[in-house]
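Just so it is clear: chains get the letters A, B, ... in the order the sequence lines come, proteins before strands, and each one is counted from 1. What's counted below: heavy atoms across the whole structure, side chains too, no hydrogens, waters or symmetry copies. Keep in mind that this is a model prediction, so the values were computed, not measured.
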Amino acid sequence: MEEGIFALRCGKCGWMTATYAVACASCGTGGLERVRLKGDGRVLSFTILNVPTEEFAQDAPYAYAVIDMNEGCSTSGWMPSVRSAGDIEVGDSVRFSGRRGRASIFVKS
Amino acid sequence: MRGVCVVGTAMSRFGKMSESARESMTMTSMKAIEDAGLSPGDIGAAFYSNAFGVAERQLHIGPLINSALGIGDRPSIAIESACSSSSAAINEAYAHIAAGLEDICLVAGGEKLSHLSTMEATTYFAMGSDYTYEASNGVTFPGLYASMAVAHMNRYGTTQEMLASVAIKNHSNALLNPLAHLRKKLTMEAYKESPVVAYPLHLYDCCPFSDGSAAVVLASEEKARELKDEIVRIEASERAGTAATLQDRRDMTGIEGAAVASKRAFARAGMDAAEVDVAEVHDCFTIAEIMAIEDIGFFRKGEGGRASVEGETAIGGRIPVNPSGGLKGKGHPVSATGAAQFHELYEQLLGKAGRRQVDGAEVALAHNIGATGGSCTVHILRRRR
Ligand SMILES: CC(C)(COP(=O)(O)OP(=O)(O)OC[C@H]1O[C@@H](n2cnc3c(N)ncnc32)[C@H](O)[C@@H]1OP(=O)(O)O)[C@@H](O)C(=O)NCCC(=O)NCCS
Ligand SMILES: [Zn+2]
């Protein structure tokens, strides 16, 4: 997996997504361009997982956050260093700090 | 379009069962056919749902069930739409009958999950998310709804007590339902002491992993009038979608597809939310019921929590929601849920719901969500003479 965090951007209207897409959900244009994100954003929402899936069996508790990236799209982040609800709030500044497998690791900044 | 009616329903006891989903769905289908006053040979086509069949190492159960019903020559198809599978199947059967392709159709959904450990089941359920972008970042199904709950609490001031009130109500309704999975009174103390699964959702905010099955027989209005004195007509069968991955949505405090499907359903039925007497909604988590009653339009956006804590959704309240106990109390054998909502509402409309009867119910609404709202189905049923 290439280091860094990426998104797709519509060349026509600027709509962005950090998931998989081949056409713009806003204006319908095909051919989205891949852009590298700087990695800074804010917590839009979060949860603390105590009952994980098999892949994260050894890791709980940890936070999962939906993050509004400064470039204008949202992404999902794994926050292994945040272990309780008292350690995180909606609006907190966070940054991308690397990967484990397909997970994008975020830390508070 | 021809009118389409519900003529028979059945469900198994929800909870842990020893038989396979295929066996349970076959037995429940037979009960629904008998409830309709029909025999298997009257079924033109069958629509089945068993989203987690692979967990039992069995796919393509349609022909197995048809053969066991002695109608191996009839067409069947499996419909997968995550937790809304069997209401999507009902929508397909409805369309077949409305279009005149068939006169009588069978729909059944079922699941067997109790042989899986908590972690195995959690992993299977996570497959209903966008696995690459969501589950791969550590989130589970309860976790996705938990992040919607945090967003809702943050924007509207929804509280933990409001979430708890949904669970307490649905547990107490389930106590009145002999087929429910969890038949246990829930107190605020027990709620608060229960372990946190995914903050802010406690164990008692979550529906359980359930086994079970439910079935519905649909018929053209003409056939229904031959079979029954009083008919229950499907006034609307509407589906809509929402961006699949939570992070791609403008708003995480509601489910857009559910609001769209509800609007379309009310337009099709020529009525509004105030005319609904009883509703079964998708309360896979307590926050999901709060969002559902807002998305449908029973309450203004942000008012769902307050309405719940004030008892407006209890049996006897302004709009009784989930008298069956809902997914939370009755249980949620994923693919059985849409058909089980129909079973409850059919009994309610015919005045056969026993101690959970909503007096004089004539118009009913079913709201069923697949995954975090990627798939949404809303049905409106009405009793007619
Ligand atoms: C909450 C959850 C993690 C509990 O896992 P589990 O494997 O059922 O837990 P356990 O088997 O350890 O259950 C412990 C006890 O709590 C009870 N219990 C389990 N889940 C319960 C629930 N949701 N509500 C109330 N009681 C529950 C069990 O009956 C058991 O009681 P017992 O010891 O008296 O038999 C699991 O039920 C869950 O993830 N639910 C959500 C399912 C989901 O995501 N569905 C899709 C929604 S769209
Ligand atoms: Zn565009």
Side-chain angles (χ1 to χ4, degrees), chain A residues 1 5-8 15-21 24-26 41 43-69 73-80 82-91 96 99-106, chain B residues 116-155 160 194-203 205-206 209 241-253 285 287 372:
Chain A
M1 180 84 65
I5 186 162
F6 297 87
L8 298 167
W15 175 84
M16 291 174 83
T17 178
T19 58
Y20 174 73
C24 173
S26 184
V43 173
L44 202 59
S45 195
F46 69 89
T47 177
I48 308 288
L49 281 305
N50 291 317
V51 182
T53 57
E54 287 155 4
E55 239 178 297
F56 292 83
Q58 307 306 318
D59 304 304
Y62 56 81
Y64 161 86
V66 178
I67 298 156
D68 234 350
M69 302 302 285
C73 69
S74 298
T75 193
S76 289
W78 178 42
M79 301 190 67
V82 174
R83 303 179 71 86
S84 96
D87 296 338
I88 182 169
E89 267 185 75
V90 171
F96 174 72
R99 284 183 186 283
R100 188 184 82 181
R102 280 182 299 188
S104 308
I105 301 173
F106 276 79
Chain B
L116 304 173
S117 70
T118 302
M119 193 172 284
E120 282 169 337
T122 298
T123 305
Y124 270 110
F125 277 72
M127 293 172 193
S129 75
D130 180 337
Y131 206 96
T132 310
Y133 296 96
E134 294 180 318
S136 292
N137 279 305
V139 79
T140 60
F141 234 82
L144 289 167
Y145 274 91
S147 59
M148 292 193 252
V150 166
H152 201 280
M153 291 163 109
N154 194 63
R155 178 161 330 150
Q160 196 87 49
S194 71
V196 178
V197 173
Y199 170 86
L201 302 182
H202 287 240
L203 172 68
D205 286 293
C206 305
F209 296 133
T242 313
T245 319
L246 278 190
Q247 68 197 47
D248 282 333
R249 299 185 191 169
R250 278 184 300 261
D251 181 13
M252 285 174 56
T253 64
F285 301 94
I287 184 63
T372 53

Worksheet item: Do you know which of A:D59, A:D68, A:V66, A:L44 has the most heavy-atom pairs under 4.5 Å to chain B?
Response: A:V66
Fill in: Proximity breakdown for A:F106 and chain B, heavy-atom pairs closer than 4.5 Å
neither
Discussion item. Using heavy-atom distances under 4.5 Å, tell me whether B:T118 contacts chain A through its side chain, its backbone, both, or neither.
Written reply: side chain
Discussion item. How long is the straight-line distance from SG of A:C73 back to CD of B:Q247, given to the nearest 0.5 Å?
Written reply: 8.0 Å
Response to the item:
Rounded to the nearest 0.5 angstrom, the CG-CG distance for B:L201 and A:N50 is 11.0 Å
Worksheet entry | Atom pair CE (B:M153) and OG (A:S45), whose distance is rounded to the nearest 0.5 Å | 10.5 Å
Worksheet, complete the sentence: Whatever's closer than 4.5 Å to a heavy atom in chain B on A:E55 counts as side chain
Fill in: A:A65 versus chain B, the contacting section by heavy-atom distance below 4.5 Å
neither
Worksheet item: What part of B:A151 is in contact with chain A, defined as an atom under 4.5 angstrom from a non-hydrogen atom: side chain, backbone, both or neither?
Response: both
Practice prompt. With the side chain counted from C-beta on, respond yes when A:S104 and B:N137 share a heavy-atom pair under 4.5 Å apart, and no when they do not.
Written response: yes
Discussion item. Give me the atom names and distance for the closest heavy-atom approach of B:A198 to A:L49.
Written reply: CB-CD1, 4.0 Å
Worksheet entry | Under 4.5 Å from a heavy atom of chain B, the part of A:A21 involved | neither
Fill in: Max heavy-atom pair count under 4.5 Å with chain B, selected residue of A:S76, A:A103, A:G77
A:S76
Worksheet item: Under a 4.5 Å heavy-atom cut-off, does chain A meet the side chain of B:M252, its backbone, both or neither?
Response: side chain
Discussion item. Let me confirm one number: the OG1-CD distance from A:T53 to B:E120, rounded to the nearest 0.5 Å.
Written reply: 12.5 Å
Worksheet item: With side chains defined as the heavy atoms from C-beta onward, is the minimum distance between A:V51 and B:T140 less than 4.5 Å?
Response: no
Worksheet item: Of the backbone (N, CA, C, O) and the side chain (C-beta and beyond), which part of B:A149 lies under 4.5 Å from a heavy atom of chain A, both, or neither?
Response: neither
Item to complete: Side-chain contact test, heavy atoms from C-beta onward, threshold under 4.5 Å: evaluate it for B:Y133 versus A:T75 and give yes or no.
Response: no
Worksheet item: Between OH of A:Y20 and CG of B:D130, what distance do you get to the nearest 0.5 Å?
Response: 12.0 Å
Practice prompt. Might you point out which heavy atoms bring B:Y131 and A:R102 nearest each other, and give the distance in Å?
Written response: CD2-NH2, 3.9 Å
Practice prompt. Below 4.5 Å from any heavy atom of chain B, which atoms of A:Y62 appear? Answer side chain, backbone, both or neither.
Written response: side chain
Worksheet item: Is a donor on one side and an acceptor on the other found under 3.5 Å between the side chain of A:T47 and the backbone of B:A146?
Response: no
Worksheet item: What's the spacing between B:S136 OG and A:R99 CZ if we round to 0.5 Å?
Response: 10.0 Å
